[in-house]
Protein chains: 4
Amino acid sequence: MEFRIDRSSGLPAYLQLVRQVREALRLGWLEPGDRLPTVRDVVAGSGVNANTVLKAYRELELSGLVEARQGSGTFVKAGLGSTDPEVMNALRSRLAVWVREAREAGLDAEDIDALVRSVLAVDGDRAAAGGAGGQTNEGEGVAVR
Amino acid sequence: MEFRIDRSSGLPAYLQLVRQVREALRLGWLEPGDRLPTVRDVVAGSGVNANTVLKAYRELELSGLVEARQGSGTFVKAGLGSTDPEVMNALRSRLAVWVREAREAGLDAEDIDALVRSVLAVDGDRAAAGGAGGQTNEGEGVAVR
Amino acid sequence: MEFRIDRSSGLPAYLQLVRQVREALRLGWLEPGDRLPTVRDVVAGSGVNANTVLKAYRELELSGLVEARQGSGTFVKAGLGSTDPEVMNALRSRLAVWVREAREAGLDAEDIDALVRSVLAVDGDRAAAGGAGGQTNEGEGVAVR
Amino acid sequence: MEFRIDRSSGLPAYLQLVRQVREALRLGWLEPGDRLPTVRDVVAGSGVNANTVLKAYRELELSGLVEARQGSGTFVKAGLGSTDPEVMNALRSRLAVWVREAREAGLDAEDIDALVRSVLAVDGDRAAAGGAGGQTNEGEGVAVR
DNA sequence: GTGGTCTAGACCACA
DNA sequence: GTGGTCTAGACCACG
């Protein structure tokens, strides 16, 4: 697993790390028992400071997702992606089709992001009680009357 | 237009405001000539401090999207949504269908977000130079080999 | 509220801070709505580094006990001490009597601590399922056969 | 004698071992001449690394409490529990009564710990120079004004 | 070599 | 002036 940090996004580096681990868990790219890259690897690969990585890993540990074993590394303890990988893949490929069309219609990544967020916001009001998701984007969103 | 800020997202409040205005522009919910809510309104509606709103509006003004007219408010100067509203709506409704299916398959907002981001990341490598840049999420993304 | 850090205890300073806040909550000395001392106050009063305090406060925030409000301080969000203050005081004064006797019998603080821990350990095996307490001492303890 | 180490307590593993030996000495569970479990036993029984156990034993030896005899094991050299076993037992059983009442009043182990520590802290100010020092908890404690 | 703790100090976001 | 983020670097605990 490899991290990419976007320094201009405004989101703190350690939260980007946390988020990317959570995403990998949700997508099934990481599973219980897997070892996260060592702090030193992440430092070498992404340019952030070691303490930033430690902070991210500690946050993940506090939320029960990973477990640090001194001297041997940090390991995934619990999964997040409860969805059947096949279903996931089906959804993913249909999404990919949609994204391609959107791009052909001239939308860029930010447009697409805005669209998705707006649909999720509407949809979220319907799904409501689902949440407890943690650091999701729920709650942020635009409303025009 | 109404702002919602999520204090626990890690993203600075003023950037959430900026982002939401940009999203509204991209989605065609705001158009040149429209007036943004007054600072006072935003304060009342979202609980942030007036200085935070001012900072967001100033930032939008610096990027040329809005214009403050002394005594009468802040107005949209330029659009961002260059896409034909009909096409936009078509894309939007197809997206909504996909989202509904995803939700029925058990994915929550964070799952969906992760999926979208991962598809955009792959897709981004292909589209590369495409985006107008700005504060997009491009660049952040997970890679597992 | 005032913190005291024991640098020779082996327990990390930030955990001592966390523990002391938890204790104050359990004893009813802190209640929801109360403001914790500012980071700067703690630094001035206890000699630890600001980041150490921030780390402690952040940990408390992640566990849902306090809430940081930028620019205005850190506030207690949830209580821990569900016990009736009167009952608490009764127990406390009876304990104080016992402690006095123990001291008169020649036990020092470490002896008393050892005794309490050993009684709790035995007792804990009986109470068993109670826990989920978090960073309690449960689990550590001596057993001689 | 059997050790239990709590990996989530924040206290270094080797200090937990040292502490448990000291407690056993104070409570009279270990006496001069007794043999401590071999390093191998401790490793098998508690999961820590052999070096960690060695470090704990070395520390105990440095403080004069135990003595390593090449080829035959590590033996208790000096006691810590100077208190008459009968008095100790009397105190212990009265403590047990109190603990039972506390538990019935709804206090859990962490509550009890907090209470004991707070009483000891107050009491400590009175007894002052009393303690033999060492790695006691003296000095840490909460004060609310 | 692994993760973890702490410090000192710069800078940012918010009220 | 409030909390928060990040860095750089020293040192510790553990395997």
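The sequence lines fix the lettering, A, B, ..., with proteins before strands; numbering per chain opens at 1.
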Interatomic distance, [X] [atom1] vs [N] [atom2] [rounded to whole Å]:
{"X": "C/L36", "N": "F/dT2", "atom1": "CG", "atom2": "P", "answer": "14 Å"}
{"X": "B/E59", "N": "E/dC14", "atom1": "CD", "atom2": "C1'", "answer": "15 Å"}
{"X": "C/R58", "N": "F/dC6", "atom1": "CZ", "atom2": "C1'", "answer": "13 Å"}
{"X": "C/Y57", "N": "F/dT2", "atom1": "OH", "atom2": "P", "answer": "12 Å"}
{"X": "D/Q16", "N": "F/dC12", "atom1": "CD", "atom2": "C1'", "answer": "16 Å"}
{"X": "C/E67", "N": "F/dG3", "atom1": "CD", "atom2": "P", "answer": "13 Å"}
{"X": "A/L15", "N": "F/dG4", "atom1": "CG", "atom2": "C1'", "answer": "11 Å"}
{"X": "A/K55", "N": "F/dG4", "atom1": "NZ", "atom2": "P", "answer": "9 Å"}

Given [options], which nucleotide is nearest the side-chain atoms of [X]?
{"X": "C/N51", "options": "F/dT2, F/dT5, E/dG3", "result": "F/dT5"}
{"X": "C/R7", "options": "E/dA13, F/dC14, E/dT7", "result": "E/dT7"}
{"X": "C/Y14", "options": "E/dT5, F/dA13, F/dG4", "result": "E/dT5"}
{"X": "A/L54", "options": "F/dC6, E/dG4, F/dC14", "result": "E/dG4"}
{"X": "C/Q70", "options": "E/dG3, F/dG4, F/dT7", "result": "F/dG4"}

Worksheet item: More 5' along DNA chain F: D/N49 or A/A13, using each one's nearest nucleotide?
Response: A/A13

Response to the item:
The answer to which of D/P12 and C/G71 contacts DNA chain F further toward the 5' end, by nearest nucleotide, is C/G71

Discussion item. Are more than 12 heavy atoms, taken from residues, nucleotides or ligands other than B/R40, located less than 6.0 Å from that residue's CZ atom?
Written reply: no

Response to the item:
Closest heavy-atom pair, A/V43 versus A/N49, reported as atoms and distance to 0.1 Å, is CG2-C, 4.0 Å

Item to complete: For D/E67 and D/T74, test the side chains for any donor-to-acceptor distance below 3.5 angstrom and give the result as yes or no.
Response: no

Item to complete: Could you verify whether a donor N or O on one side chain and an acceptor N or O on the other, from A/E23 and B/S118, lie under 3.5 Å apart?
Response: no

Tell me what [X] touches on the nucleic acid: a base, only sugar-phosphate, or nothing, going by heavy atoms under 4.0 Å.
{"X": "C/R40", "value": "base"}
{"X": "C/E61", "value": "sugar-phosphate"}
{"X": "A/A50", "value": "nothing"}

Worksheet item: Between E/dT7 and C/T52, is there an OP1 or OP2 to side-chain N/O distance shorter than 4.0 Å?
Response: yes

Worksheet item: Looking at A/T38, does any N or O in its side chain come under 4.0 Å of the phosphate oxygens OP1/OP2 on E/dG1?
Response: no

Item to complete: Ignoring hydrogens and angles, tell me if any N or O in the side chain of C/E59 forms a donor-acceptor pair with the backbone of C/V18 under 3.5 Å.
Response: no

Worksheet item: So, do C/I5 and C/R7 sit near enough that their side-chain heavy atoms are less than 4.5 Å apart?
Response: yes

Practice prompt. Tell me the partner of F/dC12, counting only Watson-Crick (N1-N3 plus N6-O4 or O6-N4) or G-U wobble (N1-O2 and O6-N3) with both under 3.5 Å; none if nothing fits.
Written response: E/dG3

